[in-house]
Number of protein chains: 2
Amino acid sequence: MAKAYEKIADDLRQLIRQGEELKPGDRLPAETVLADRYRYSVPTIRQALGVLQAEGLIEKRHGRGNFVRMPRRLVQRTNERHQWEKDRAKATEAERRSTGATEHDTGLGVDDLIFSAEYQETHADEGLAGVFGVPTGTPLVERVYRTRYRVEDAPFNVARSYLVRDVVAPNPDLLDAACEPWPGGTQAQLHTLGIELDRIVETVSARPPTVEETEELGLTGGVAVMTLRKVSIDVDGRVVEVSDVVLPGDRTELTFTTRLARW
Amino acid sequence: MAKAYEKIADDLRQLIRQGEELKPGDRLPAETVLADRYRYSVPTIRQALGVLQAEGLIEKRHGRGNFVRMPRRLVQRTNERHQWEKDRAKATEAERRSTGATEHDTGLGVDDLIFSAEYQETHADEGLAGVFGVPTGTPLVERVYRTRYRVEDAPFNVARSYLVRDVVAPNPDLLDAACEPWPGGTQAQLHTLGIELDRIVETVSARPPTVEETEELGLTGGVAVMTLRKVSIDVDGRVVEVSDVVLPGDRTELTFTTRLARW
DNA sequence: GAGTGGTCTAGACCACTGT
DNA sequence: CAGTGGTCTAGACCACTCC
């Protein structure tokens with residue numbers, strides 16, 4: 001009663017896990033060859049390979065073959081970056097320029113990361129208006145950031161950050177993408193407006209990626225994305241920034257430290 | 001050149017999203033009927049349905065049909081539960097018994113949740129030994145908790161919690177599953193040993209589920225699981241508990257609030 | 001051009017669900 | 001039992017990659 005495609009998948013998984021016959025980066029035998037070897041038809045082999053793809057063990061490359069996936073560099077992000085960033089927001093520009101929060105999280109230098117930003121004006125939809133506590137349709141500045149390792153092609157995150165336009169308008173530089181990357185990040189930008197943050201609330205979920213996200217983040221197979229919504233609240237209790245970050249689920253590790261008051 | 005299965009998937013997705021022809025819980029037409037309607041073979045229809053399944057839009061039920069998925073109750077968990085739990089650890093037993101941290105997170109009463117616990121003794125593998133800072137093979141108490149809504153079948157989380165046996169041995173009740181659910185939770189248990197927590201470090205990732213997890217959590221299709229490792233550190237800087245929680249990615253929302261020191 | 005995976009066909013038979 | 005989805009076959013032809 002054992003299903004053929006599961007048996008084949010088990011067998012190949014074994015070979016990959018042991019790592020002797022099939023190492024990361026290796027090409028698997030062609031599907032026709034596997035069909036011949038296992039004495040099953042090609043569609044059945046493909047079904048087995050589909051299982052391994054969903055598990056993130058192999059990667060299908062059209063016209064080239066099926067490959068054992070390379071382990072990808074882990075992306076780490078902590079919530080201690082927020083305090084770190086706050087502390088730096090008042091530092092000199094030279095200090096702020098030397099390194100950013102993502103480098104702080106990942107332990108890399110500014111040269112290892114490539115960073116892009118786009119700015120545009122939009123209007124608050126119902127969801128964003130609710131979070132900001134402003135009327136629907138309020139003008140917002142939408143900023144899209146992509147970050148990737150210099151040595152890899154695909155970015156490891158795409159972030160959409162929203163600010164209320166009228167709040168940041170007093171400093172025209174904050175409406176200009178040419179000023180990115182802003183030394184010290186968003187908290188330093190807000191500091192130019194006299195805004196101090198009190199707390200940051202982050203909400204994490206996981207879901208299947210959309211087609212665009214699959215392409216943009218270089219995902220493969222059944223890998224999910226993690227979504228992180230970061231809401232920044234200033235010392236007056238006002239929501240001043242909302243940021244939606246999409247992260248590849250298979251290579252991201254988020255760490256949150258909660259300090260407890262003493263008895 | 002548009003691929004047939006994508007066109008079919010788009011069309012069905014449309015019907016589901018509009019929610020007029022196909023509402024949550026509805027059965028889709030049989031695959032043979034769809035094949036006839038769209039003038040494609042059954043395998044092609046199945047491929048299209050596979051896309052929708054991976055997106056979590058439909059659910060395949062063997063022998064019954066393909067169904068539009070019912071929206072599931074969201075599971076929420078915050079990091080403020082930790083301070084809340086700490087504050088309660090010293091309360092009277094009656095107070096502690098009245099409600100738990102999960103009820104605090106979800107806003108439900110103790111009667112809405114069903115809870116089970118198993119205890120067993122194991123030995124620290126390399127990973128756990130490293131986190132606890134003890135030698136590999138050190139005896140541990142492993143506790144497996146499952147929590148589910150009374151009105152649903154599948155649990156919404158499975159947690160494996162580890163304690164160093166010799167640390168908790170002074171209170172034999174902590175080695176006995178019959179004492180569960182312990183009023184006030186783990187922090188109240190540790191309080192009986194004179195242990196006070198200083199901070200909790202939580203690490204979140206997402207990955208495809210194993211076969212067992214798919215069954216246990218009632219997952220379907222390409223839904224990922226979120227994994228949360230919670231490490232509890234006491235006021236002496238010692239790791240006193242490690243807890244690995246597996247959560248269904250499609251229905252879980254984790255919230256972390258980071259409070260920032262004032263300038 | 002040779003070799004690879006991607007899409008699709010038109011069936012057969014099995015396993016599960018409900019009546 | 002009838003109806004459903006699950007597995008599997010043995011091909012055909014297309015699209016992509018690399019030489």
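Heavy-atom basis, side chains included; hydrogens, waters and symmetry copies ignored.
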Taking any heavy-atom pair under 4.0 Å as a contact, classify Arg61(A): base, sugar-phosphate, or nothing.
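Sugar-phosphate only.
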Between [X] and [N], is there a contact of a side-chain N or O with OP1 or OP2 at under 4.0 Å?
X: Tyr5(A); N: dC8(D); value: no
X: Asn66(A); N: dT4(C); value: no
X: Arg64(A); N: dG5(C); value: no
X: Thr44(A); N: dT7(D); value: no

Can you tell me the distance, in whole Å, between the [atom1] atom of [X] and the [atom2] atom of [N]?
X: Tyr38(A); N: dT9(D); atom1: OH; atom2: C1'; result: 19 Å
X: Lys60(A); N: dT4(C); atom1: NZ; atom2: P; result: 14 Å
X: Glu59(B); N: dC16(C); atom1: CD; atom2: P; result: 18 Å
X: Tyr40(A); N: dC13(C); atom1: OH; atom2: P; result: 17 Å
X: His62(B); N: dC13(C); atom1: NE2; atom2: C1'; result: 12 Å
X: Arg46(A); N: dG11(D); atom1: CZ; atom2: C1'; result: 14 Å
X: Ile8(B); N: dT7(C); atom1: CD1; atom2: P; result: 13 Å
X: Gln53(A); N: dG5(C); atom1: CD; atom2: P; result: 12 Å

Between Arg160(B) and Asp244(B), does any NZ, NE, NH1 or NH2 come within less than 4.0 Å of an OD or OE carboxylate oxygen?
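Judged by the 4.0 Å cut-off on N to carboxylate O distance, Asp244(B) and Arg160(B) do not form a salt bridge.
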Could you check Ile45(A) against Arg27(B) and say which one's nearest nucleotide on DNA chain D is further toward the 5' end?
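Checking each residue's closest nucleotide, the 5'-ward one belongs to Arg27(B).
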Run the salt bridge (charged side-chain N to carboxylate O under 4.0 Å, His left out) test on Arg77(B) and Glu253(B) for me, step by step, so that the C-alpha distance in whole Å, both residues' side-chain angles and the decisive distance to 0.1 Å come before the verdict.
CA-CA 7 Å; Arg77(B) 177 184 166 117; Glu253(B) 204 173 85; over 6 Å; no
How do Ser41(B) and Gly63(A) order along DNA chain C: which one's closest nucleotide is nearer the 5' end?
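The residue whose closest nucleotide sits nearer the 5' end is Gly63(A).
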